[in-house]
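Here is the structure we will look at, set down as structure tokens.
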Amino acid sequence: MPKKETDFFERVYQVAELIPRGRVTSYGAIANYLGSYRGARMVGWAMNKCSSWHRFVPAHRVVNSKGVLTGKHHFPGGETMSELLRNEGVKLMDNQIINFQEVFWDPSKELL
DNA sequence: CCGATGACTTGAA
DNA sequence: CTTCAAGCCATCG
């Protein structure tokens, strides 16, 4: 299996697409699943590139460790991310997920 | 190769 | 509560 430059992204996107509807996860959780939580920045960066990716990526289901929609500023409009999550049953308040612990989805545990 | 950037995280002041 | 600092890793010019 020859590795590609996009292999890292592919793993991130793959995990992102595995996130169940109405659930969310953190950049650190994905990074941790990939090997190191320190790669959280790369996860976020991969999300930035998701706009240029060839397929849809539920980046709106990915938040930071606080459950805050840090990436909403990168979505079109301004409430796109919030509306998407609300549409999935996620309760938000001031760009923060209220029941974060309830909807939190850890790939390293759920996909164990 | 080097420097800068980034949707992160943790901890300390 | 807010703000700063350091760590970490991949990509780009």
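Convention: sequence-line order gives letters A, B, ...; per-chain numbering from 1.
The nearest whole Å value for the distance from the OH atom in A/Y33 to the P atom in C/dC9 is 19 Å. Atom-to-atom, CZ of A/R61 to C1' of B/dA7 comes out at 17 Å; the value is rounded to the nearest Å. Between the OH atom of A/Y37 and the P atom of C/dA6 there is a distance of 16 Å, given to the nearest Å. Distance A/N48 CG to C/dC12 P: 11 Å, rounded to the nearest Å. Going from atom NE2 of A/H74 over to atom P of B/dT5 covers 15 Å, rounded to whole Å. In this structure, the CZ atom of A/F8 is 7 Å from the P atom of C/dA10, given to the nearest Å. Note: CZ (A/R41) to P (B/dC8) measures 8 Å, nearest angstrom. A/M47 places its CE atom 16 Å from the P atom of C/dA10, with the value rounded to the nearest Å.
No donor-acceptor distance shorter than 3.5 angstrom exists from the side chain of A/N99 to the backbone of A/E102, with no hydrogens or angles considered. Listed for the A/T80 side chain is a donor-acceptor partner under 3.5 Å among the backbone atoms of A/P76. Remark: the backbone N or O of A/A16 is not paired with any side-chain donor or acceptor of A/R61 at under 3.5 angstrom.
Minimum atom distance to the side chain of A/F9 is reached by C/dT11, of the listed B/dT9, C/dT11, B/dA7. For A/K66, the listed nucleotide lying nearest its side chain is B/dT10; candidates were B/dA7, B/dT10, C/dT11.
Listed pair A/K49 / C/dC12 meets the phosphate criterion, a side-chain N or O lying under 4.0 Å from OP1 or OP2. Contact between the side-chain N/O atoms of A/S65 and the OP1/OP2 oxygens of B/dT10 is found at a separation under 4.0 Å.
In this structure, A/G28 reaches the sugar-phosphate backbone alone: every heavy-atom distance under 4.0 Å involves primed, P, OP1 or OP2 atoms, never a base. Residue A/N64 is classed as a sugar-phosphate contact, given heavy-atom separations below 4.0 Å to backbone atoms only. Contact annotation for A/A59: base contact, defined as any heavy-atom pair under 4.0 Å involving a base atom.
The stretch residues 79-90 of chain A has no heavy atom under 4.0 Å from DNA chain B, so no residue of it qualifies as close.
Under the rule for a side chain to side chain contact (heavy atoms under 4.5 Å, CB included), the partners of A/D106 that lie at least two apart in sequence or sit in another chain are A/A29, A/F104, A/S108, A/K109.
Between A/K72 and A/E79 there is a salt bridge, since a side-chain N of the basic residue sits under 4.0 Å from a carboxylate O of the acidic one. Note on A/E17 versus A/R55: salt bridge recorded, some NZ/NE/NH1/NH2 to OD/OE distance being below 4.0 Å.
Here the closest non-hydrogen pair linking A/Q96 and A/K66 is NE2-O, 3.5 Å.
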